[in-house]
Amino acid sequence: LPNDLLERLPADETDSRRIINVLSRQWGEQALRDRLIAWFFELGKAGVDNVITRWKAHGLDYHRRGDMGLALQQLLTLAEGEVIELALEEAQGRFLLNNNSCSLHLTHPIQQCFRSAV
C-alpha cells in the first residue's frame, strides 16, 4: 500500500479484510478505490524501464506487447474450449513466444498445440 494509506492503519494490523474496512471507513469506498487505482498506475509506470529491459533480454519487441497479448488471449480461448470439451479438471502446458508468433503447448493430460501469429 502507498504510504498515505499505511500511515492511517494500526501498526500491527495484517488482516487484509480489516485493512480494507478501516480504509474504506476513513476514505470512503470510491475515494479508496480511486487511490488504489492511482497507486497501481504509479507502480506500473515505475516498473516500465525494468519491463522493457526484460523483454529485450528475451529478444522480444516491447512495442509488440499488445499484439502478443491479443495472440495469447486467442490461444487461451482455444485451449479453454478444448479443456471444456474434454471435461478436464486440470491441464498443464507452456507458452512459447517470439516477435512473430505465440504457441501454447498443452502437455498433460493431452498433447495439443495451439499457434497464433502476432
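Computation of the quantities below employed the complete heavy-atom set of this structure, encompassing side-chain atoms and omitting hydrogens, waters and symmetry-equivalent molecules.
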Asker: In terms of hydrophobic clusters joined by side-chain contacts under 4.5 Å, are V48 and L60 together?
Answerer: yes
Asker: Considering residues at least two apart in sequence or located in another chain, which fulfil the salt bridge (Lys or Arg N to Asp or Glu O under 4.0 Å) criterion with R115?
Answerer: none
Asker: Test side chain to side chain contact (heavy atoms under 4.5 Å, CB included) on F114 and L106; report intermediate values, then the result.
Answerer: CA-CA 8 Å; F114 302 95; L106 294 180; 3.8 Å; yes
Asker: Which heavy atom in C102 sits nearest to a heavy atom in V118, and how many Å separate them?
Answerer: SG-CG2, 3.5 Å
Asker: Would you tabulate the side-chain donor-acceptor contacts of residues 87-101 under 3.5 Å, counting partners in other chains and residues two or more places apart, or write 'none'?
Answerer:
{"residue": "N98", "atom": "OD1", "partner": "N100", "partner atom": "N", "Å": "2.7"}
{"residue": "N98", "atom": "OD1", "partner": "S101", "partner atom": "N", "Å": "2.8"}
{"residue": "N99", "atom": "OD1", "partner": "D61", "partner atom": "N", "Å": "2.7"}
{"residue": "N99", "atom": "ND2", "partner": "G59", "partner atom": "O", "Å": "2.9"}

Asker: Do L86 and L75 belong together in a cluster built from hydrophobic side chains that touch within less than 4.5 Å?
Answerer: yes
Asker: Would you give the length of the straight line joining atom OG1 of T107 to atom CD of Q112, rounded to the nearest 0.5 angstrom?
Answerer: 12.0 Å
Asker: Take W55 and I52 through the test side chain to side chain contact (heavy atoms under 4.5 Å, CB included) and record every step on the way to the result.
Answerer: CA-CA 5 Å; W55 277 67; I52 292 171; 5.7 Å; no
Asker: Please tell me if the side chains of M68 and Y62 come closer than 4.5 Å, counting only heavy atoms from C-beta onward.
Answerer: no
Asker: Sequence neighbours left out, what passes side chain to side chain contact (heavy atoms under 4.5 Å, CB included) with L9? Give chain and number order.
Answerer: L1, L6, I19, V22, L23
Asker: Please collect all side chain to side chain donor-acceptor pair (under 3.5 Å) contacts where either partner lies in residues 12-22, sequence neighbours excluded, each pair once.
Answerer: E13-R18
Asker: Do E29 and L32 have side-chain heavy atoms sitting under 4.5 Å apart?
Answerer: no
Asker: Within the distance-only criterion (no hydrogens, no angle test), does the side chain of Q26 pair as donor or acceptor with the backbone N or O of R8 below 3.5 angstrom?
Answerer: yes
Asker: Not counting sequence neighbours, list each pair that qualifies as a side chain to side chain donor-acceptor pair (under 3.5 Å) and has a residue in residues 34-53.
Answerer: D4-R35, Q30-D34, R35-E42
Asker: Is there a side-chain contact between L5 and L36 (heavy atoms, below 4.5 Å)?
Answerer: yes
Asker: Keeping to residues at least two apart or across chains, list the side chain to side chain donor-acceptor pair (under 3.5 Å) pairs with something in residues 73-86.
Answerer: Q74-S116
